[in-house]
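Below: the structure, in C-alpha cells.
For clarity, every value in this text was computed on a predicted model and none was experimentally measured. Every chain is numbered from 1 and lettered A, B, ... according to where its sequence line falls, protein lines coming before strand lines.
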Amino acid sequence: MPTFAHINVSYMSIPSKFTPSAIEQKWYDYWTQNKYFHSTPDARKPYTIVIPPPNVTGVLHMGHLMNNTLQDVLIRRARMRGYNACWVPGTDHASIATEAKVVNKLKNQGIDKADIGREAFLKHAWDWTDEHGGIILEQLKKLGCSCDWERTKFTLDEDMSASVIQVFVELYEKGLIYRGYRMVHWDPDAQTTLSDEEVIYEEKQGKLYYIAYAIEGSNEKVVIATTRPETLFGDTAVAIHPEDERYTALHGKKAIVPLVNRVVPIIKDEYVSLELGTGCLKVTPAHDENDKILGDKHKLEFIDIFNPDGTLNHQGLHYKGQDRFAVRKEVVKELEANGSLIKVTPHTHKLGTSERTKAVVEPRLSDQWFLQMEALAKPAIDAVENEDVQLVPKKFINTYRHWMNNIRDWNISRQLWWGHQIPAYYYGTNNENVVVAETEEKALEKAKIASGNDALTLNDLTQDEDVLDTWFSSWLWPISVFNGVLEPENEEISYYYPTQELVTGPDILFFWVARMIMSGYVLRNEKPFSHVYLTGLVRDSQGRKMSKQLGNSPDAIKLMDTYGADGVRVGLLLSAAAGNDLLFDENLCQQGKNFANKIWNAFRLVQSWTVDETLSPCKTAAVGLDWYTSKFQQTLATIDDHFDKYRISDALMATYKLIWDDFCSWLLEIVKPAYGEGIDAETYQKVCALFGSVTCSCKLILINVIV
RNA sequence: GGGCGCUUAGCUCAGUUGGUUCAGAGCACUUGGUUUACACCCAAGGGGUCGGGGGUUCGAAUCCCUCAGCGCCCACCA
C-alpha cells in the first residue's frame with residue numbers, strides 16, 4: 001500500500017557512485033523497460049548538481065524550499081532519463097554570520113571573545129556548529145531532496161580546508177594574490193573588513209553641514225560642506241578647484257581646522273567640483289576613498305581617528321572613546337557654540353552598510369590580502385557570452401558582463417577567527433618578511449631560503465591572524481567537493497566535472513556564481529557548470545521581501561507539516577518562472593495538497609475494483625483507453641519540451657491537467673464499472689499500466705507517489 | 001547618475017519568429033449536477049480597448065517612439 005503526501009513524509013536517498021548503485025540500476029531498468037520516458041542517447045553519462053551550500057547553522061527558509069525543490073526535480077528527471085545523476089549536498093561555514101552568532105552567545109554569558117583567545121573561541125564555535133549544524137540538512141531531507149547524502153561536505157572539512165589553503169598558495173605563487181595597504185570597507189560591529197560586494201548602499205536622509213575654517217594669518221574664513229563633521233579630527237587639507245575664481249585669493253594659504261586648531265594646506269585639485277557644496281572640500285585622507293587619492297597625490301598626512309569599534313581614538317581629543325555618531329552630534333553642538341557652524345541643510349545620500357550586521361561601513365586604511373581579478377574575469381566573461389555557460393533566464397547576461405568588465409580586486413582577508421586561517425607566515429625582527437606555504441614546516445623551509453638564515457625555527461614564524469572570506473572557499477565548491485584541488489586528475493573529478501546545473505538566486509550572482517566560473521577556468525581551465533538557473537526571490541503575497549523583521553516568512557517546517565512536502569513543492573513550483581520573483585501564497589500549497597490527494601483517491605478507486613474474468617473487454621472503455629493513450633503521449637512530449645526550456649511550472653501544470661482532467665475526470669469516469677459490478681481483466685490491466693505511467697510523470701515533483 | 005526588467009481576466013502568471021490554433025491557463029467567482037474514489041468532486045458559464053498616447057504595417061499584446069507607475073542591479077562625488 002502506498003503512503004501518501006500529507007499523511008507521511010518520507011524521502012528517498014539515491015546514491016550515485018561512479019558505478020551505478022543497485023537502486024539506481026533498478027530505476028534505470030524500470031524506466032527503460034517501461035519506456036514511459038525515453039532514455040536519451042546520453043544515458044549513463046553523469047549529470048551533476050552541487051547544492052548551493054546553506055549556512056551550517058542556518059534554518060530552512062522559503063528560498064531554500066524553492067531552490068532545492070527545483071534541483072530535486074531536475075535531478076530526478078535526469079535519473080529517470082537514465083543519467084547517472086549525482087547531487088552533492090553540503091553546508092557552508094559562513095564565517096562572518098556564524099562568528100557573529102557565537103560572539104553574541106558568549107556575550108550573553110558575559111564572555112568577551114578577545115579575553116578567551118583564538119583557540120578557546122574556536123572550540124566554542126565548533127560546539128555551536130556541532131549543536132546546530134546539520135539541522136538544515138535534515139530539513140532538506142524532509143522536503144524530499146534526493147541528494148547523495150553520503151557525499152555531504154562541509155567547507156571546513158579537513159580536505160576542503162586543505163583545498164582552500166592550497167589554492168591560496170598557488171594563486172600567491174602565480175602572483176595573483178598580494179598584500180596591500182588599501183582603503184577597505186570596515187564593519188565596526190563585526191570588526192572586520194568586507195569585500196565590495198558585502199556592502200549594501202542604502203539611501204538615507206542625512207544632513208549637510210557647512211563649516212567655516214579660518215584662514216591662517218587673516219580674519220577671513222572659508223566655508224566647506226560635509227556630511228561627516230566628526231571626521232574633521234582627521235582633516236589634513238582643504239581642497240579647492242584650481243580655476244575656481246571664488247577662491248583664487250586662497251592660493252598658497254593655509255586653513256585652520258576648527259576644534260583641533262590644526263594648520264593645514266589649501267590644495268588645488270581638478271577633482272573638486274565647482275557646483276557641489278561650496279566648491280570647497282575638507283580632506284580626510286584616512287577616512288574617505290577620494291580623500292585618500294588626494295592625500296597620496298598631494299603627499300598629505302594620514303590621520304586615523306577611529307578605533308576598530310567605531311569609537312574615536314586619542315586623535316578625537318576630548319571625544320576619545322565615544323562612538324562616531326554620538327561624536328557627530330557633539331561636534332556639531334560645539335561648532336555651533338563657537339560660531340563655526342554656518343548652516344545645516346537636509347541631504348539624502350547613499351550610505352554603505354554591512355550586508356550581515358547592517359552596521360554603517362567605515363572606509364579604513366589597512367593591510368589586507370587581495371586577489372587580482374582582471375585576468376581571471378576574461379575567460380569567465382567569454383564563457384557566458386558564447387553561452388558555454390548558459391544563464392537562465394538570459395536577461396542576467398547583461399548584469400553579469402557589466403560587473404565582470406568593471407571588476408575590482410577582491411579583498412579576501414577577514415579579521416575573524418572562524419574560517420580558513422591565511423597561510424602566510426611573518427618573520428624577521430619586525431615581522432617585515434612574509435612567506436606563504438601550505439604548512440608551517442614548508443613555510444619555515446621557504447623562510448630559510450628567502451632569508452639565507454638556516455638558524456630560523458618555527459618559533460620565529462608568526463602566522464597571519466586573519467581568515468579568508470567565506471566566498472574564497474565557496475568559489476571552489478564544484479571542484480573541491482570532488483577533491484579536484486588536491487588531486488586534480490582523480491577519477492571522480494574527471495567523471496563528474498564540469499557539472500550540469502547550478503540552481504541559485506540572482507542575489508549571489510557576483511558573490512558566488514561569477515567567482516565559481518572564474519575559479520573553474522583558473523584552476524582547471526574548464527567551466528564549472530553548463531547552466532545556471534537563477535530563481536526569483538520568494539516574496540509574500542503583497543510583494544514584500546520575506547524577512548524576520550516583518551515576520552512575513554512562513555515557517556518552512558510548519559508549512560510542510562500542514563500541506564505535506566508534496567503540497568509545498570507543488571505550491572512553489574506552480575509559480576516558479578525562472579528569474580521572476582514569486583509572490584508566495586499558501587493557497588498554492590493547498591492546491592498542491594489537493595493535487596496529491598486527487599492522485600491518492602484515484603488510486604483508491606482503481607484499487608477498489610474487482611476483476612470479473614467472465615466479462616469480455618468493454619468496447620467503450622477501449623475507445624477511452626485509446627484516446628487517453630494518445631493524449632498521454634502528446635502531453636509527455638509537451639512536458640519534456642517544457643523541461644528542456646526550464647519552464648518548470650509549465651511542465652508541472654501540463655502534468656497537473658493530464659492527471660486531473662484527462663486521467664481522472666475523463667478516463668476513469670469512462671472506464672469505471674457501475675456500482676457493484678466488476679471490471680473485465682483487459683481493461684483493468686490497461687488502466688493499471690496507464691496509472692503507473694501517469695504517476696511516473698509526477699514522480700518528478702511529488703516524492704511520495706509510489707504505486 | 002548609468003544599466004536592466006516589468007505593467008495582459010478579481011489574483012498569480014503564459015503568450016517563443018507580428019497573421020482564424022491569439023486574447024489564454026490555474027486559482028477565485030456564478031449556475032447546475034452529484035451524496036458508494038475525491039465537496040480536496042463533475043459539468044457549464046461570466047469576466048480583459050493586453051498601463052496611457054503616438055507611429056510602422058494590409059494586419060500589433062507582439063516592432064519603434066513617448067509618457068506614467070513599479071521593481072532590480074551597478075556607480076567614490078562634499
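- Residues meeting the side chain to side chain contact (heavy atoms under 4.5 Å, CB included) test with A/E275, sequence neighbours left out: A/S273.
- Tested against A/K282 for a side chain to side chain donor-acceptor pair (under 3.5 Å), the candidates A/D291, A/T231, A/T226 yield a single pass: A/T231.
- Straight-line distance between the C1' atoms of B/U30 and B/A9: roughly 15 Å, to the nearest whole Å.
- Separation of the C1' atoms belonging to B/U56 and B/U62 is 14 Å when rounded to the nearest angstrom.
- Results of the side chain to side chain donor-acceptor pair (under 3.5 Å) test with A/T193 over A/N411, A/D187, A/D469 single out A/N411 as the only residue that passes.
- Residue contacts shown for A/A225 are limited to sugar-phosphate atoms, with no base heavy atom under 4.0 Å away.
- Contact check on A/E385 versus A/R401 returns a salt bridge, with a Lys/Arg side-chain nitrogen under 4.0 Å from an Asp/Glu carboxylate oxygen.
- For A/D662 and B/A43, the CG to C1' distance is 15 Å, given to the nearest whole Å.
- No contact: A/C280 has no heavy atom under 4.0 Å from any strand.
- A straight line from CZ of A/R401 to P of B/C4 spans 11 Å, rounded to a whole angstrom.
- Considering only heavy atoms from C-beta on, A/R246 stays 4.5 Å or farther from A/I240 through its side chain.
- Rounding to whole angstrom units, CD1 of residue A/I599 and P of B/C38 are separated by 17 Å.
- In a base pair of the Watson-Crick type (N1 to N3 plus N6-O4 or O6-N4) or a G-U wobble (N1-O2 and O6-N3), with each distance short of 3.5 Å, B/U7 is matched with B/A68.
- When the P atom of B/A25 is taken as reference, atom NE2 of A/H642 falls 14 Å away, rounded to whole Å.
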Pairs: protein N or O with nucleotides 73-77 of chain B N or O, under 3.5 Å:
{"unit_1": "B/A75", "atom_1": "N6", "unit_2": "A/K350", "atom_2": "NZ", "d": "2.8"}
{"unit_1": "B/C76", "atom_1": "O2'", "unit_2": "A/N290", "atom_2": "ND2", "d": "3.0"}
{"unit_1": "B/C76", "atom_1": "O2", "unit_2": "A/N290", "atom_2": "OD1", "d": "2.4"}
{"unit_1": "B/C76", "atom_1": "O2", "unit_2": "A/N290", "atom_2": "ND2", "d": "2.9"}

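- Of all nucleotides present, only B/C74 satisfies the Watson-Crick or G-U wobble test against B/G1, with each distance under 3.5 Å.
- Under 4.0 Å is where a charged nitrogen must lie from a carboxylate oxygen, and between A/R408 and A/E374 no such pair does.
- If you take atom C1' in B/G48 and the same atom in B/U12, they sit 15 Å apart, rounded to whole Å.
- Between A/W410 and A/W475, the ring planes lie perpendicular to each other; the angle is over 60°, past the 30° to 60° tilted range.
- Going from atom CG of A/L652 over to atom C1' of B/A14 covers 14 Å, rounded to whole Å.
- Within the nucleic acid shown, A/I293 has no heavy atom closer than 4.0 Å to any nucleic acid atom.
- Across all strands, A/V272 comes closer than 4.0 Å to base atoms (heavy-atom distances).
- Using a cut-off of 4.0 Å between Lys/Arg side-chain N and Asp/Glu carboxylate O, A/E289 and A/K292 are scored as not salt-bridged.
- Considering only side-chain atoms of A/E669, the nucleotide from B/A43, B/A78, B/C38 that sits closest is B/C38.
- OP1 and OP2 of B/C41 both lie 4.0 Å or more from every side-chain N or O belonging to A/K598.
- Nucleotides B/C65 and B/C6, compared at atom P, are 14 Å apart to the nearest Å.
- When the C1' atom is compared between B/U8 and B/G26, the two are found 15 Å apart, to the nearest whole Å.
- Here the side chain of A/L281 is nearest to one of B/A43, B/A14, B/A78, namely B/A78.
- At whole-Å resolution of the value, CZ in A/R328 and P in B/A78 are 13 Å apart.
- Distance, A/L667 CG to B/C38 C1': 16 Å, rounded to whole Å.
- Under 4.0 angstrom from either OP1 or OP2 of B/C13 there lies no side-chain N or O belonging to A/R647.
- Using C1' as the reference atom, B/G46 and B/G1 are 50 Å apart when rounded to the nearest Å.
- For A/K395 and B/C4, a side-chain-to-base donor-acceptor distance below 3.5 Å is absent, hydrogens and geometry of angles not being considered.
- Looking at the side chain of A/M653, the nearest of the listed nucleotides B/A78, B/A25, B/G15 is B/A25.
- The two atoms that bring A/I211 and A/P258 nearest to each other are CG2-CG, 4.0 Å, heavy atoms only.
- Taking atom C1' in both B/G32 and B/G5, one finds a spacing of 45 Å when rounded to whole Å.
- B/C41: Watson-Crick or G-U partner is B/G33, with both key distances under 3.5 Å.
- Partner assigned to B/A61 is none, using Watson-Crick or G-U wobble distances below 3.5 angstrom.
- B/A44 and B/U7: their P atoms are spaced 31 Å apart (whole Å).
- What separates CD1 of A/I679 from P of B/A37 is a distance of 13 Å, to the nearest Å.
- Between the side chain of A/D585 and the backbone N or O of A/L588 there is no donor-acceptor pair closer than 3.5 Å.
- In this pair, A/F306 and A/H287 present their aromatic rings perpendicular. The plane angle is above 60°, beyond the 30 to 60° band.
- The side chain of A/K645 sits closest to B/U16 out of B/U16, B/A43, B/G5.
- Taking the six-membered ring where the residue is Trp, A/W512 and A/W471 present tilted rings, their angle falling between 30° and 60°.
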Give each protein N/O atom lying under 3.5 Å from an N/O atom of nucleotides 27-29 of chain B, with the pair distance.
none

